[in-house]
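If you read the sequence from its start, that first residue is 1, and numbering goes on from there.
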Amino acid sequence: MSVSMTDSGKIATPVESSKSAMTWGPIFGGAAAAIGVTLILLLLGSGVGLTMVSPWSGQSSSLSTVGVTAAIWLVVVQWLSSGLGGYITGRLRTKWAAVHTDEVFFRDTAHGFISWALATIFVAGFLASSLTSLAGAGAQAVGSAATAAGTAASSTASTSDLPTAYFTDALLRPEQARAGATSDDASATAEVSRILLNGAAAGQIADDDKAYLATIVSARTGLSEADARTRVDTVLKRIDDAKVAAQKAADEARKAASTTALLGALSLLIGAFIASAAAAFGGSQRDEEEDLIVTPRI
């Protein structure tokens, strides 16, 4: 604390308030209002979003449309809840007497920002808890499915539980129903599966493996070598197309996640600004309302 000397020789001591500049009541009130509005709007958005998704083919919106709509709705939710919470925070606080106007403005913006931060932390924790529960349920379902699949696989003599089983069956389909198969079907199927798996791991299937596959297909289906080679090339192209489609889907999911993260970060920054500005606006309106006490003249 510093003191100064006046012109008349008197000592002037600055006045320091005994009360804290932080008023937690309005902060918690604004945060609670923001949380309530956020949850209501999130439920409303979930209900509207479910109408965009349908298990029937041709009746559901595209994944990109649903993702963009959800991101825009989250931005709207953030802005509306931040604005309301900040405004309530500014209006609920008591008037600071003998405080400079600039200091009042700073305190209001700080109160709005802290109220927004509390509401954001709570909502983020709530969403994280919900997602964790959903992920746990999904993992349990996947584990049950994996256990059932392992039991089914152990009761058979082949390894048809591999992702390449469908393509293997396509390779070994007989040209005619009466076409005979080799005596060791399980061994041939497993061998073809291993070739396909090795090609998937290496990124391509060697020419000698393709020729060997054509030989097996010709022996199993009764096709000529040329027709068997054509079938092998056709199925391998389908495998490559499936791999490209999976990579494309993964890339689209990556882009969608990146866009959502960027929009979310921008939305949070703007939400913090809106909450601070709304609190300053609400505080200025609060200070405009003055109660005058009339005292009789003595």
Side-chain angles (χ1 to χ4, degrees), residues 19-52 61 64-96 99-135 255-289:
K19 296 182 179 180
S20 173
M22 186 75 67
T23 307
W24 285 105
I27 291 177
F28 286 128
I35 292 171
V37 172
T38 299
L39 295 180
I40 293 174
L41 293 178
L42 286 178
L43 290 176
L44 177 62
S46 299
V48 175
L50 289 176
T51 62
M52 301 175 61
S61 302
S64 59
T65 301
V66 175
V68 171
T69 304
I72 294 175
W73 182 248
L74 289 177
V75 171
V76 173
V77 169
Q78 174 65 214
W79 292 0
L80 291 178
S81 60
S82 298
L84 179 62
Y87 181 79
I88 290 178
T89 300
R91 287 302 298 265
L92 289 182
R93 58 102 174 150
T94 57
K95 183 177 181 179
W96 290 301
V99 179
H100 194 274
T101 305
D102 293 339
E103 178 64 19
V104 172
F105 177 80
F106 174 79
R107 292 184 183 183
D108 282 333
T109 55
H111 279 58
F113 177 80
I114 296 174
S115 175
W116 165 85
L118 290 176
T120 302
I121 292 172
F122 178 87
V123 173
F126 173 79
L127 292 179
S129 177
S130 300
L131 291 176
T132 301
S133 300
L134 291 176
K255 292 180 180 180
S258 176
T259 302
T260 302
L262 292 176
L263 284 177
L266 180 61
S267 173
L268 289 176
L269 290 176
I270 298 179
F273 173 78
I274 291 177
S276 301
F281 177 71
S284 65
Q285 286 191 330
R286 160 65 186 83
D287 292 341
E288 290 176 357
E289 302 293 335

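Only one option out of Leu43, Leu41, Ile35, Val37 pairs with Leu39 in a side chain to side chain contact (heavy atoms under 4.5 Å, CB included); it is Ile35.
Atom CD in Glu103 sits 4.5 Å away from atom CZ in Arg107 (nearest 0.5 Å).
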Exercise for the section: May I have the step-by-step check of side-chain contact (heavy atoms from CB on, under 4.5 Å) for Arg93 and Val104, ending in yes or no? Expected result: CA-CA 11 Å; Arg93 58 102 174 150; Val104 172; 3.5 Å; yes

Problem - Working for side-chain contact (heavy atoms from CB on, under 4.5 Å), residues Leu74 and Leu42 - result: CA-CA 8 Å; Leu74 289 177; Leu42 286 178; 3.7 Å; yes

Kindly list each side-chain donor-acceptor pair under 3.5 angstrom involving residues 261-283, sequence neighbours excluded, with atom names and distances?
unit_1, atom_1, unit_2, atom_2, d
Ser276, OG, Thr109, O, 3.4
Ser276, OG, Ala272, O, 3.0

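Closest heavy-atom contact between Gln78 and Thr120: OE1-OG1, 4.4 Å.
Side-chain contact between Asp102 and Phe106 is absent, with no heavy-atom pair separated by less than 4.5 Å.
For Thr89 (side chain) and Gly85 (main-chain N/O), a donor-acceptor pair under 3.5 Å exists by modelled atom type.
Applying the side chain to side chain donor-acceptor pair (under 3.5 Å) test to every pair with at least one member in residues 22-40, sequence neighbours left out, gives these pairs: Thr38-Ser81.
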